[in-house]
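Note: hydrogens, waters and symmetry copies are ignored here, and every other heavy atom, side chains too, is used. Reminder, nothing fancy here: chain letters follow the sequence lines and each chain counts from 1.
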There are 2 protein chains.
Amino acid sequence: MTDTVPRPTLEAVAARAGVSRATVSRVVNGGDGVRKPLAERVRRAVEELGYVPNQAARSLVTKRHDAVAVVIAEPETRVFADPFFGLQLRGISKELTAHDAQLVLLLTEGRADHARVGRYLAGGHVDGALVFSLHLEDPLPELVQRAGVPTVFGGRPGWGGGARSAVYVDSDNRGGAREAVRHLVGLGRRRIAHITGALDQTSAVDRFDGFRDVMVDADPRLIAEGDFTPAGGERAMRELLERCPDLDAVFAANDLTASGALRVLRAQGRRVPDDVALIGFDDMLPVAEQTDPPLTTIRQDIEEMGRLMARLLLRGLDRRGGGPGGAPGGGPGGGPGVGGGPSSVVLPTTLVRRASA
Amino acid sequence: MTDTVPRPTLEAVAARAGVSRATVSRVVNGGDGVRKPLAERVRRAVEELGYVPNQAARSLVTKRHDAVAVVIAEPETRVFADPFFGLQLRGISKELTAHDAQLVLLLTEGRADHARVGRYLAGGHVDGALVFSLHLEDPLPELVQRAGVPTVFGGRPGWGGGARSAVYVDSDNRGGAREAVRHLVGLGRRRIAHITGALDQTSAVDRFDGFRDVMVDADPRLIAEGDFTPAGGERAMRELLERCPDLDAVFAANDLTASGALRVLRAQGRRVPDDVALIGFDDMLPVAEQTDPPLTTIRQDIEEMGRLMARLLLRGLDRRGGGPGGAPGGGPGGGPGVGGGPSSVVLPTTLVRRASA
DNA sequence: GTGAAAGCGCTAACAT
DNA sequence: ATGTTAGCGCTTTCAC
């Protein structure tokens, strides 16, 4: 792991331009307070030498890194089974790029990696962190807060840690679920079932809550627990059909679940949407568009979520300016929310009508 | 973007342990050449102070960064429409983590970002790069080689740049395609069609080649150009059916394409696999398992590809030891292959039989 | 407006 | 085996 070739230093550029290192530094960093012609000469020297600042040296003195960690904690294989994180990453990347910040990706496989992540974050390698921790009992939020790194969460974190005051960006899972169920109601359905997601994740809980908001006293037998997978959807659908053969609609916690449910419905001879209307969540294209019939579902703008997370974090970092901020003890935040900074954002969802409901 | 809290330095640890900075440094970096009791005292001090080495300071002198860039170049939205990159990232991440290296993710959206990536890589921020550049005319490979950064490519790069000698990891697209087609032949099919992928990508070309290896003088009307998307698959399938109503099998360049083709086949009343056998490529689970019938397809071990890419790169980095390596001019490599280092690897594929063929 | 000089925190010779 | 010392390349007072 070595550098390949001695690259030109500030010194070299200075020599070539016939100025001091300080002047070159000024030009390179915005160029204010340097007279036009001089600045021009410096810029030319930079160009000719192919000079690129050494970030390590710079960080050493500025204590900034222009880097943000993205922590994706998901022991399950599910993580990359869907395009979710990819889109999110893309949104994040776009925003960070626009601010000249690098994206350091930290993937964790179970608790074993938590210590490593904690050490890294506490090690001051990055200016902030974007953390995806979707499980209720995840120790990560607390760990991150202890590390004293400004953080924005992706998805409402569970309350396991000191996360109560955490800044997060989430889709309006509850509102979206309400819209889904209302849509079914509007279709004239009355025996509306719900297949939940994995209930140790806030998104599943929130969608379930949304369902109950509309179906205030739903028959408890119309609720079956799923796990966000097609297999879970199948299992739950079979249960439901057995318990309540008269059901006429299903709200599945996500599209994958819906696809599993759909298979069972068809296998049991129920026509969709004629006999049973089916609605999913996520608008995960490769699934929602490919099923037969295509899924009516609730769309969330994943990429925008990512972009927003990054924007929130960067804004928070900016406003803490030069002073030592942070809340190493996990005080009232540690997040960029400290001192009237940005607070959480919940993005709207939209109903996408296809053929299944 | 500031550090949050003044963290303890080597100096502080040294003071607390009553030794010199050098000794602490030795202990922190492996601890050889330090007597047990002393080392123990140092370790305790480190522990008590919660000391974490400042990577910037360390990089400044060692010129190592323990960081690897992962460049994903894909203007198309397709990138994250499938789990491909996610799995790859995961494999990479595991391997890098095992070597205490960080993963810096660089996503590019079209040519505009190329300059940025080139600057970053040339800037010596990372020890090496893993680059996904799947398009034939992509300028990225050449750019990377010019940057003089040791690089391993994901997927056989096009020959547009100085990439001819590049080290890469790829699936055996050609061999897999042969296996797919042979499977169809083994089923007794004779009028076997092929829907290609986007032919500006090496994977599509290689799969097409594999098809031709088996169907040596295939009726050219049995070939239709697709683009790796379901829509492309639909279009191509309609073409094929029109040109050759007698076809009895289709090898689609990937599962997404196959899913599109499948829809058209069903819409036109062809039973799968009875009338037309259909085989895909990738074994992209959310698609291959959800179609009706589920897709027979060719599986590639994506995660392993990622892991291998990282391993190859790290091995190459190790062997170049302390000396200035690299090939800034794009000499015989610039990749870790320099000097008898690792060379490219092509991973085997396997046939996964489901119901469609 | 520009230059000189002092470090940032660390490692790696070199002494001892 | 341990300590001393000289920078790594940069930013940033502080003089001029």
Would you mind reading off the distance between [X] atom [atom1] and [N] atom [atom2], rounded to a whole angstrom?
X	N	atom1	atom2	result
A:R7	D:dC8	CZ	C1'	13 Å
B:N54	C:dT11	CG	P	9 Å
A:L38	C:dG1	CG	P	12 Å
A:L60	C:dA6	CG	P	17 Å
B:N29	C:dC10	CG	C1'	9 Å
A:K63	C:dC8	NZ	C1'	5 Å
A:R21	C:dA6	CZ	C1'	10 Å
B:Q55	C:dT11	CD	P	9 Å

Phosphate contact (C:dT11 OP1 or OP2) by B:R58 side-chain N/O below 4.0 Å: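 Checking B:R58 against C:dT11: at least one side-chain N or O falls below 4.0 Å of OP1 or OP2.
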
Taking only the side-chain nitrogens and oxygens of B:S25, find out if one of them lies under 4.0 Å from OP1 or OP2 of C:dT11.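 For C:dT11, OP1/OP2 do have a side-chain N/O of B:S25 under 4.0 Å.
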
Classify the side chain of A:R26 and the base of C:dG3 as holding, or not holding, a donor-acceptor pair under 3.5 Å.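 Yes, the side chain and the base share a sub-3.5 Å donor-acceptor pair.
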
Any idea which of [options] is nearest the [X] side chain?
X	options	answer
B:T62	C:dT2, D:dC10, C:dT11	C:dT11
A:S20	D:dG7, D:dC10, C:dA4	C:dA4
A:A22	D:dT11, D:dG3, C:dG3	C:dG3
B:Y51	D:dT11, C:dC10, C:dT2	C:dC10

Of B:V61 and B:V34, whose nearest nucleotide on DNA chain D comes first from the 5' end?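 Between the two, 5'-proximity favours B:V34.
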
Assert yes or no for the condition that the ring centre distance of B:F132 to B:F153 is strictly below 6.0 Å.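 They do not qualify: ring centres at least 6.0 Å apart.
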
Run the salt-bridge test on B:E47 and B:R44 with the 4.0 Å N-O cut-off and return the result as yes or no.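 Between B:R44 and B:E47 there is no salt bridge, as every charged N stays at least 4.0 Å from the carboxylate O atoms.
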
Going by an N to O cut-off under 4.0 Å, is there a salt bridge joining B:D113 and B:R111?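 No, B:D113 and B:R111 are not salt-bridged.
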
Of A:R311, A:R315, A:R307, which is the lone residue that meets salt bridge (charged side-chain N to carboxylate O under 4.0 Å, His left out) with A:E95?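 When salt bridge (charged side-chain N to carboxylate O under 4.0 Å, His left out) is applied between A:E95 and each of A:R311, A:R315, A:R307, only A:R311 qualifies.
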
Indicate yes or no: at least one non-hydrogen side-chain atom of B:R7 is less than 4.5 angstrom from one of B:Y51.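 Result no, sub-4.5 Å side-chain heavy-atom pair not found.
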
